[in-house]
Amino acid sequence: VTPPLCYLLLTVHHSWRLSSHSQHKIHSRWQTMAYQVKSVRYQAASRKILLQNENGPCPLLAAANALLLRGVIVLSSECIRNGVASTEDVVNMLAERALASSSFSSKLEGV
């Protein structure tokens with residue numbers, strides 16, 4: 001399993017400070033983090049959102065849930081069927097959307 005870009009950047013940025021044991025712990029934790037999926041009604045539409053698994057702010061979930069509620073991104077059928085989304089699923093969803101938006105903007109600028 002390849003870790004998402006944000007994990008790789010964190011590791012590279014902090015590699016001079018983190019031991020290989022600490023880096024392994026971060027990678028293991030990243031692989032095991034998962035968020036429950038919940039169905040909600042939002043503006044007369046059924047939507048899926050992700051539930052936080054720990055206390056404290058989570059900007060990743062805030063961004064994902066805002067886009068899920070707006071219908072800009074959707075969870076994979078596997079996530080919905082299993083009722084859970086991994087951190088990798090969430091990061092990939094957001095990255096795909098960002099890349100699609102960037103590609104669309106580039107095409108508009110080239111016109």
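Start at 1 with the first residue, then count along the sequence. The figures here come from the full heavy-atom set of this structure, side chains too, leaving out hydrogens, waters and symmetry mates.
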Exceeds 12 heavy-atom contacts within 6.0 angstrom, atom CD of Q52: yes
Closest heavy-atom pair and its distance - V37, A85: CG2-N, 4.2 Å
Sequence-distant partners of D89, side chain to side chain donor-acceptor pair (under 3.5 Å), two or more places apart: S86
Gap separating the NZ atom of K38 from the NZ atom of K48, nearest 0.5 angstrom: 11.5 Å
Side chain to side chain donor-acceptor pair (under 3.5 Å) partners of S46, counting only residues at least two apart: none
Closest non-hydrogen atom pair, Y35 against L50: CB-CB, 4.1 Å
Listed pairs under 3.5 Å, donor-acceptor, residues 67-80 side chains, sequence neighbours left out:
unit_1	atom_1	unit_2	atom_2	d
S76	OG	C79	N	3.1

Atom pair CG/CD of L51 and Q36 - distance to nearest 0.5 Å: 6.0 Å
Close side-chain approach of L60 and L94, heavy atoms under 4.5 Å: yes
N53 side chain vs A34 backbone, donor-acceptor pair below 3.5 Å: yes
Pairwise side-chain contact, L61 with I49, heavy-atom cut-off 4.5 Å (strictly under): no
